[in-house]
Amino acid sequence: PDISQNLSFSIDANGYFIGNTAYFMSAINLEYLLHILNSKLIDWYYRTLSVQLGEKAVRMFSIYVLKLPIPLWLNTELQNAIKSEEPSNDINRMVYEIYNLDNKEMEFIEFQ
């Protein structure tokens with residue numbers, strides 16, 4: 001949705017039609033991109049980058065999404081988990097590691 005309480009990205013493997021405002025993109029490693037974009041870190045970053053609708057609502061605009069820093073596909077724990085199709089409850093920790101956040105930075109994001 002273009003307005004929600006947090007960023008919400010998904011993969012459409014069924015070829016659905018878009019009925020209302022929505023944005024779409026394509027990529028080679030969709031699962032990797034999905035985990036990065038749905039992380040707490042990117043949600044926090046998007047809120048600092050864009051103009052918002054009050055304290056809780058976030059509104060999607062392509063001008064801001066295009067500015068999101070997405071790391072290249074390198075050999076990381078997150079990518080290994082995606083390749084092995086092992087579900088992990090620690091996706092945010094893996095994303096923090098990709099961006100080289102220290103403990104203090106991770107705590108700041110977690111408690112925002």
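Computed from a prediction, not measured in an experiment: that's the story for all the values here.
- Of all the heavy atoms in I42 and P69, the pair that sits closest is CD1-O, 4.3 Å.
- Note: I109 CD1 to K40 NZ = 10.5 Å, rounded to the nearest 0.5 Å.
- For Y96, the side chain to side chain donor-acceptor pair (under 3.5 Å) test picks out E110, with sequence neighbours left out.
- Evaluation of the side chain to side chain donor-acceptor pair (under 3.5 Å) rule for D43 yields R47 as partners, not counting sequence neighbours.
- Note that CG of L37 and OH of Y46 are 11.5 Å apart. Values are rounded to the nearest 0.5 Å.
- Under the salt bridge (Lys or Arg N to Asp or Glu O under 4.0 Å) criterion, E97 pairs with R93, not counting sequence neighbours.
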With a cut-off of 3.5 Å and sequence neighbours excluded, list every side-chain donor-acceptor pair involving residues 27-34.
from: Y32; atom 1: OH; to: P71; atom 2: O; distance (Å): 3.0
from: Y32; atom 1: OH; to: L72; atom 2: O; distance (Å): 3.4

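- What you find for L41 and L101 is that their closest heavy atoms are CD1-CD2, 3.9 Å.
- Taking a 4.5 Å side-chain heavy-atom cut-off between Ile, Leu, Val, Met, Phe, Trp and Tyr, the cluster of I18 extends to F24.
- For I63, the CD1 atom sits in a loose shell: 12 or fewer heavy atoms of surrounding residues, nucleotides or ligands are nearer than 6.0 Å.
- When the side chains of ILVMFWY residues are joined at heavy-atom separations under 4.5 Å, either directly or via intervening members, V58 and L66 end up in two distinct hydrophobic clusters.
- Across F9 and M25, no two heavy atoms sit closer than the pair CE2-CE, 4.1 Å.
- The distance from the NZ atom of K67 to the OG atom of S62 is 11.0 Å, given to the nearest 0.5 Å.
- Atoms OG and CE, on S8 and M60 in that order, are 9.0 Å from each other to the nearest 0.5 Å.
- Looking at Y99 and I36, their side chains come closer than 4.5 Å, going by heavy atoms from C-beta outward.
- At least one donor-acceptor pair under 3.5 Å links the side chain of E105 to the backbone N or O of D102.
- The shortest non-hydrogen separation linking I3 to R59 is CG1-CD, 3.5 Å.
- Not a single ring pair (Phe, Tyr, Trp, His ring centres under 6.0 Å) links Y45 to another residue, sequence neighbours left out.
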